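Not measured: the values here are computed from a predicted model.
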Amino acid sequence: MTYVIEAARADDCVWLGPFLLRAWLQTYPNPESGIDEDWIREHRGPSATVEGVTRWREFIEAANRQPDRMFCRVVRSETENVGVICGRRDEVVTLGPMYLLSHAQGQGLGARMMTEFLAWAEPAPVSLWVTDYNESAVRFYQRHGFEVTGERTTWQGRLPNLRMTRDASAGVEHH
């Protein structure tokens, strides 16, 4: 399968909300944290509504108008959309969301997505939040020069997140 990474288009807003719900359902169920399919649908389902689609359209249009301030790329094949990576530049550069469907992982696409994002972000440091029990994501970010800061937060009272940052001078560990 051949995948391309390209700037999001305004009409991508139609699939991004349902895509993010699907990615959350693949990534976050965790009985110890009380996070199940119902909880995810309650808290992320709105991204697939008309309002969620509208918010995505507005973000994509803004990113296309202000490419120095906002970043949004999608990953697609000839038959499906499998990933998204976005970010914004304010006082610091913030990465998120970044998702790649499970069947598209392990093929180097995440590294390609991150390389494009970091090239856009340079020379600024980058910050992100990652769910603490998503160990593969934590390791992925560490391979790309991010370090856990010790700062924590809990999203919607249940989802435990860690802050990770990457200095502008951080190298990338290739495996």
Side-chain angles (χ1 to χ4, degrees), residues 3 5 8 12-13 15-53 55-56 59 71-76 80-88 90 92-118 121 125-167 170-175:
Y3 294 99
I5 300 171
D12 286 323
C13 68
W15 64 265
L16 274 167
F19 169 86
L20 288 172
L21 178 59
R22 181 177 173 193
W24 271 63
L25 289 167
Q26 286 182 357
T27 306
Y28 296 117
N30 183 278
E32 296 81 38
S33 297
I35 298 173
D36 60 12
E37 181 177 342
D38 290 339
W39 188 89
I40 291 169
R41 288 187 183 283
E42 176 185 344
H43 291 88
R44 292 309 303 173
S47 67
T49 63
V50 171
E51 294 81 16
V53 168
R55 280 193 302 277
W56 270 108
F59 181 84
F71 180 94
C72 192
R73 300 288 184 275
V74 296
V75 184
R76 53 178 124 237
E80 67 175 335
N81 302 300
V82 298
V84 63
I85 183 170
C86 299
R88 58 176 66 235
D90 293 307
V92 297
V93 172
T94 304
L95 167 61
M98 179 179 183
Y99 290 101
L100 190 59
L101 293 180
S102 57
H103 69 276
Q105 294 176 12
Q107 303 175 50
L109 289 171
R112 286 175 48 200
M113 294 164 70
M114 183 61 74
T115 298
E116 246 188 76
F117 179 81
L118 293 174
V126 179
S127 177
L128 62 86
W129 289 101
V130 61
T131 299
D132 71 358
Y133 60 80
N134 189 350
E135 294 170 7
S136 63
V138 172
R139 284 191 309 273
F140 172 83
Y141 293 128
Q142 288 172 330
R143 284 194 308 273
H144 289 276
F146 288 84
E147 296 178 357
V148 174
T149 66
E151 186 181 356
R152 302 177 73 84
T153 189
T154 304
W155 188 77
Q156 297 293 332
R158 289 197 193 166
L159 192 68
N161 290 304
L162 304 171
R163 167 79 71 193
M164 295 184 78
T165 59
R166 181 184 192 275
D167 290 337
V172 176
E173 178 184 331
H174 293 283
H175 288 257

*Decide yes or no on side-chain hydrogen bond (donor to acceptor under 3.5 Å, both in side chains) for T131 and N134, but give the supporting numbers first.*
CA-CA 5 Å; T131 299; N134 189 350; 5.7 Å; no
*D38: what forms a salt bridge (charged side-chain N to carboxylate O under 4.0 Å, His left out) with it, not counting sequence neighbours?*
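D38 satisfies salt bridge (charged side-chain N to carboxylate O under 4.0 Å, His left out) with no residue once adjacent residues are dropped.
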*Would you please name every residue forming a ring-ring contact (aromatic ring centres under 6.0 Å, His included) with Y133, sequence neighbours left out?*
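Y133 satisfies ring-ring contact (aromatic ring centres under 6.0 Å, His included) with no other residue.
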*Partners of W15 by ring-ring contact (aromatic ring centres under 6.0 Å, His included), sequence neighbours excluded?*
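For W15 the ring-ring contact (aromatic ring centres under 6.0 Å, His included) partners, ignoring immediate neighbours, are F19.
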_side-chain contact (heavy atoms from CB on, under 4.5 Å), that's the test. Do L159 and W24 meet it? Break it down for me._
CA-CA 11 Å; L159 192 68; W24 271 63; 3.6 Å; yes
Are [X] and [Y] packed together at the side-chain level, in the sense that at least one heavy-atom pair is separated by less than 4.5 angstrom?
X	Y	answer
V84	C72	yes
T165	P125	no
F146	V130	no
Q142	V148	yes
I85	F71	yes
C86	W56	yes
Y3	M113	no
R76	D12	yes

Going by the salt bridge (charged side-chain N to carboxylate O under 4.0 Å, His left out) test, which pairs reach into [range], not counting sequence neighbours?
range	result
residues 21-37	E37-R41
residues 145-159	D132-R152, E151-R163
residues 92-116	R73-E116

For [X], what residues pass the side chain to side chain contact (heavy atoms under 4.5 Å, CB included) criterion, not counting sequence neighbours?
X	result
E51	T49, R55
Q156	W39, H43
A48	P18

Just jot down the side chain to side chain donor-acceptor pair (under 3.5 Å) partners of [X], sequence neighbours excluded, or say none.
X	value
S47	none
Y28	Y99
Q107	none

*Take F117 and H144 through the side-chain contact (heavy atoms from CB on, under 4.5 Å) test and state the conclusion after the steps.*
CA-CA 11 Å; F117 179 81; H144 289 276; over 6 Å; no
